[in-house]
Protein chains: 2
Amino acid sequence: MAEVSDEAVNRMTRLIGDADKAECKVNKLRCITNKLDETQIKAEAEIFKAMADPCRLKILSLLREGELCVCEIMVAVDRPQSSTSHHLSLLKDAGLIKERKDGRWSRYRLSEGAVIEMLNLVKLMNEVKYG
Amino acid sequence: MAEVSDEAVNRMTRLIGDADKAECKVNKLRCITNKLDETQIKAEAEIFKAMADPCRLKILSLLREGELCVCEIMVAVDRPQSSTSHHLSLLKDAGLIKERKDGRWSRYRLSEGAVIEMLNLVKLMNEVKYG
DNA sequence: AGTTCATATCTAGTTATTTCGATATATAAA
DNA sequence: TTTATATATCGAAATAACTAGATATGAACT
């Protein structure tokens, strides 16, 4: 009966008592995670990674006010040009901001869509946590 | 007139031409970021950090199905106990999940509130990004 | 008290990220 | 075509995060 016979099933059997039920439970749990597309999960993690930095969150907040070029952003966040540019390219790769070349300037703006909602949501979550 | 006389203003002056206008612009930009509470921004970044890992995203997805104990989660995500436990404590510290002690078991569930919305939002963003 | 089992914490090795100066690219003006 | 300026990219050092084995804690059972 046991098709998935491994440590996990043994452990689950000790937990539940019945070996068949245990195997069933393990299969069910594995089934949920197997259904999750590994590539998609990674891509989603990348989006969160891009937002997981104070400086980049500041940049996103700034861009809520409108389009800005790198030299304006670096002044606002008070970081050297290379750092600012690097953060911007991470945000761009994650799809959170868009770039528009304009002569020697690169002007950045928020991507249309869910970025602002995301910022609002996390603010809310934080308020709930402390508040 | 120049109260904030530094490199940033000089740079902005070269950009804009007028020194007073430049100072004004720098002040305005700095004002936006200064208004952002450093502590709050860091706390928000911590929340995103907690979500910025494929394994932890899997755990959160799992917990959408309901409360689970560590030994069930470690089976589902196929990681050793210590790693699983570590990820769970990060998620808990970020306020994304809640713990309930039950004998020798620790049972975890999603925090009420915006966690699910966040997961839905990032999924949407990813779909928009690729299509 | 001793044993067992679920979970947490510690530790060290590895890998990823952040940071910023230096350099490269590219546009525009002289 | 030289010069200046805005931005990107490189490189290397510092820091942080992830991983997993080993050990510790703590509850339940004997």
Test item: [X] side-chain N/O and [Y] main-chain N/O as donor-acceptor pair under 3.5 Å:
X      : Y      : answer
A:R109 : A:L63  : no
B:T13  : B:A22  : no
B:N126 : B:V122 : no
A:S85  : A:S82  : no

May I have the distance from [X] (atom [atom1]) to [N] (atom [atom2]), rounded to whole angstrom?
X      : N      : atom1 : atom2 : answer
A:M12  : C:dC5  : CE    : C1'   : 14 Å
B:R107 : C:dA6  : CZ    : C1'   : 11 Å
A:L91  : C:dT18 : CG    : P     : 10 Å
A:D53  : C:dT17 : CG    : P     : 12 Å
B:D93  : C:dA8  : CG    : P     : 11 Å
A:N10  : C:dC5  : CG    : P     : 12 Å

So, for [X] and [Y], which heavy atoms are closest and what is the spacing to 0.1 Å?
X      : Y      : result
A:M74  : A:C71  : CG-O, 3.2 Å
A:L36  : B:S61  : CD1-CB, 3.9 Å
A:S111 : A:I97  : OG-N, 3.3 Å
A:L15  : B:W105 : CD2-NE1, 3.2 Å
B:L29  : B:M12  : CD1-CE, 4.0 Å

Residues in residues 36-51 of chain B with a heavy atom under 4.0 Å of DNA chain C, by number, are none
C:dA6 phosphate, OP1 or OP2, under 4.0 Å from B:S106 side-chain N/O: no
Is there a donor N/O on one and an acceptor N/O on the other, under 3.5 Å, for the side chain of B:Q81 and the base of C:dA6? no
Sequence neighbours excluded, every pair satisfying salt bridge (Lys or Arg N to Asp or Glu O under 4.0 Å) that has a member inside residues 86-100 of chain B: B:E67-B:R100, B:K92-B:E99, B:K98-B:E112, B:E99-B:K101
At 4.0 Å (heavy atoms only), tell me whether A:L15 reaches a base, stays on the sugar-phosphate, or touches nothing. sugar-phosphate
Give A:H87 one of three labels, base, sugar-phosphate or nothing, depending on what nucleic acid heavy atoms sit under 4.0 Å from its own. sugar-phosphate
Short N-O contact, B:E38 and A:K58, less than 4.0 angstrom: yes
Which comes earlier along DNA chain C counting from the 5' end, the contact point of B:Y108 or that of A:R14, where each point is its nearest nucleotide? A:R14
Taking NZ in B:K129 as the centre, count heavy atoms belonging to other residues, nucleotides or ligands within less than 6.0 Å. Is the count above 12? yes
First and last nucleotide of DNA chain D in contact with chain B, 5' to 3', at under 4.0 Å to a heavy atom: what are they? D:dT5 to D:dA28
Using a strict heavy-atom distance below 4.0 Å, which residues from residues 54-76 of chain A are in contact with DNA chain D? A:C69, A:V70, A:C71
Going from CZ on A:F48 to CE on B:M125, what distance comes out if it is rounded to the nearest 0.5 angstrom? 8.5 Å
By side chain to side chain contact (heavy atoms under 4.5 Å, CB included), B:L90 pairs with (sequence neighbours left out) B:R56, B:H86
Filtered N/O pairs between nucleotides 24-30 of chain C and protein, under 3.5 Å:
none

